[in-house]
There are 2 protein chains.
Amino acid sequence: MKKKLDGINVLYPTPTTIVGAMVDGKPNFLTIAHIGIVNHAQPYLISVSLGKVHYTNAGIKENKAFSVNIPSEDLVVETDYVGIVSGKKTDKSGVFEIFYGELGNAPMIKSCPLNMECRLYDTYDTPTHDLFIGEIVETYADDSVLAEGKVDIKKVKPLLFDMGSIKYWSLGDVVANCWRIGKKLKKK
Amino acid sequence: MKKKLDGINVLYPTPTTIVGAMVDGKPNFLTIAHIGIVNHAQPYLISVSLGKVHYTNAGIKENKAFSVNIPSEDLVVETDYVGIVSGKKTDKSGVFEIFYGELGNAPMIKSCPLNMECRLYDTYDTPTHDLFIGEIVETYADDSVLAEGKVDIKKVKPLLFDMGSIKYWSLGDVVANCWRIGKKLKKK
């Protein structure tokens, strides 16, 4: 039996990210799991959805740059903290050790195993949210999450956000190989 | 030590979805994990990124409707299959038992525990991909994945897609409560 859920979004879980940007000349960080993958071609475009009430939006628009940092499970306290405290009232520039990349104005978090440095490609406007579309200029990875030069997601230990339970979840085990297991159904 | 990864997208894992649409008058299904959450307000907007080469794109544009279905782990073979076989060559209308909702032209998959019926809200164009932005008209859930009327994601058993490993992964355990665990760092 199917029940109707009044048109809510159930597209979860999504990877929790920490978005970094310069706001009023200072690095600021904000937790966002309402992310998106816009294309699959170089330059790679990804999106982050920020309610218009957020402090960070003006900084992204002004500097046309932001970062998307992927925290591990061991950063869950700091990740949650920068999601519940607004930059309007609290200076969050000291929460993380920061580095900069090619753009020079997209602050990134050293302790996050993965960082994507983004040039603002476009802002897609909705009545309540700015969807910032970033062109990935460079991607940085900790040695510790790489295996043969590629990201090993099991080592990343991403925090998977689910709005239904309002919890962060861990990644489980491999279910199957993609683009392979379905071949069973192909007609000979 | 940080290593540079040539600007690749590492925003994974994302929930694997099966996008349904009418194409040439027939239901067609296509696996997409390059999804996005565009806002967090009613009507909810979500996105799916489809390479322009896909068979489905014309159908979504013509009918201005599509569905986003969330398969469970037990549907991994069928999910993978509709991702590797093109509707150009293979009729996929019989792979799943189908139902329709309010729009009447967004085919949905009965065996998927969650279904979002979408009106095409906008198409965001990129050189290689159509980003279809859907307004969720109605959401359907199997009784079996609900607990007190809300989606229990552990029961959904979503297939989490990772491009680095080219594998489907399962959901793990709860790490922490969101908007709560970070309060520890708040200054008194």
Side-chain angles (χ1 to χ4, degrees), chain A residues 1-5 7-12 15 34-41 44-47 49 73 76-77 80-81 84 114 124 126 128-129 131 136-143 150-151 153 159 162 164-179 181-182 184-185, chain B residues 1-5 7-12 15 34-41 44-47 49 73 76-77 80-81 84 114 124 126 128-129 131 136-143 150-151 153 159 162 164-179 181-182 184-185:
Chain A
M1 252 289 284
K2 295 273 183 188
K3 286 234 168 98
K4 292 184 183 181
L5 297 184
I8 62 163
N9 172 28
V10 292
L11 192 51
Y12 295 100
H34 285 168
I35 53 78
I37 297 175
V38 173
N39 71 352
H40 183 61
Y44 290 100
L45 303 175
I46 57 174
S47 66
S49 173
E73 288 179 24
V76 66
V77 174
D80 198 50
Y81 172 71
I84 57 183
L114 297 170
Y124 184 82
T126 82
T128 55
H129 289 66
L131 187 76
I136 305 175
V137 172
E138 191 50 280
T139 305
Y140 305 85
D142 281 0
D143 260 342
K150 285 174 71 179
V151 174
I153 198 164
L159 290 166
D162 169 47
S165 54
I166 317 183
K167 288 184 199 304
Y168 301 108
W169 295 74
S170 67
L171 185 71
D173 298 316
V174 170
V175 176
N177 286 312
C178 186
W179 307 323
I181 190 156
K184 292 183 194 180
L185 292 184
Chain B
M1 252 290 284
K2 295 273 181 189
K3 286 236 167 96
K4 293 184 181 180
L5 298 183
I8 62 163
N9 172 28
V10 292
L11 193 52
Y12 295 100
H34 285 168
I35 54 77
I37 297 175
V38 174
N39 72 352
H40 182 62
Y44 290 99
L45 303 175
I46 57 174
S47 66
S49 173
E73 288 180 23
V76 67
V77 174
D80 197 51
Y81 172 70
I84 57 184
L114 297 170
Y124 183 81
T126 82
T128 54
H129 288 68
L131 187 76
I136 306 174
V137 172
E138 190 51 280
T139 305
Y140 305 86
D142 281 0
D143 260 342
K150 285 173 71 179
V151 174
I153 198 163
L159 289 166
D162 169 47
S165 55
I166 317 183
K167 288 186 199 301
Y168 302 108
W169 295 75
S170 68
L171 185 71
D173 298 317
V174 170
V175 176
N177 286 312
C178 186
W179 306 322
I181 190 154
K184 290 183 196 181
L185 293 185

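Predicted model, so just to flag it, every value in this text is computed and none were measured. Here is how names work: the chains are called A, B, and so on, in the same order as the sequence lines, proteins then strands, and each is numbered from 1.
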When only pairs under 4.5 Å are counted, which of [options] shares the most heavy-atom pairs with chain B?
{"options": "A/V38, A/V151, A/V137, A/L114", "value": "A/V38"}
{"options": "A/L131, A/I8, A/T126, A/V76", "value": "A/I8"}
{"options": "A/V175, A/I181, A/L159, A/I136", "value": "A/V175"}
{"options": "A/G36, A/S170, A/A41, A/G164", "value": "A/S170"}

Inset, instruction - Can you tell which part of B/I46 gets under 4.5 Å to a heavy atom of chain A, answering side chain, backbone, both or neither? - result: side chain
Legend entry - B/K2, part contacting chain A, at a heavy-atom distance under 4.5 Å: both
Quick check: closest heavy atoms across [X] and [Y], and the distance to 0.1 Å?
{"X": "B/G182", "Y": "A/Y81", "value": "O-CD1, 3.5 Å"}
{"X": "B/W169", "Y": "A/G172", "value": "CE3-O, 3.4 Å"}
{"X": "B/L5", "Y": "A/E138", "value": "N-OE1, 3.6 Å"}

Once rounded to the nearest 0.5 Å, what's the spacing between atom [atom1] of [X] and atom [atom2] of [Y]?
{"X": "A/T139", "Y": "B/L11", "atom1": "OG1", "atom2": "CG", "value": "10.5 Å"}
{"X": "B/D173", "Y": "A/K167", "atom1": "CG", "atom2": "NZ", "value": "12.0 Å"}
{"X": "A/S47", "Y": "B/Y124", "atom1": "OG", "atom2": "OH", "value": "10.0 Å"}

Inset, instruction - Indicate yes or no for a side-chain donor-acceptor contact from B/D80 to the backbone of A/W179 under 3.5 Å, with no hydrogens or angles considered. - result: yes
Legend entry - Step-by-step side chain to side chain contact (heavy atoms under 4.5 Å, CB included) determination, A/I37 to B/S49: CA-CA 7 Å; A/I37 297 175; B/S49 173; 5.5 Å; no
Legend entry - Side chain, backbone, both or neither of A/K150 within contact of chain B (heavy atoms, under 4.5 Å): side chain
Inset, instruction - For chain A, find which of B/T128, B/L171, B/D162 contributes the most heavy-atom pairs closer than 4.5 angstrom. - result: B/L171
Inset, instruction - Classify the angle between the aromatic ring planes of A/H34 and B/H40 as parallel (below 30°), tilted (30 to 60°) or perpendicular (above 60°). - result: tilted
Inset, instruction - Check the pair B/K3 / A/Y140 against side chain to side chain contact (heavy atoms under 4.5 Å, CB included), numbers first and verdict last. - result: CA-CA 5 Å; B/K3 286 236 167 96; A/Y140 305 85; over 6 Å; no
Inset, instruction - Measure the shortest side-chain to side-chain distance between A/Y168 and B/V174 over non-hydrogen atoms and say whether it is less than 4.5 angstrom. - result: no
Legend entry - Stepwise side chain to side chain contact (heavy atoms under 4.5 Å, CB included) test for B/L185 and A/V77: CA-CA 8 Å; B/L185 293 185; A/V77 174; 3.7 Å; yes
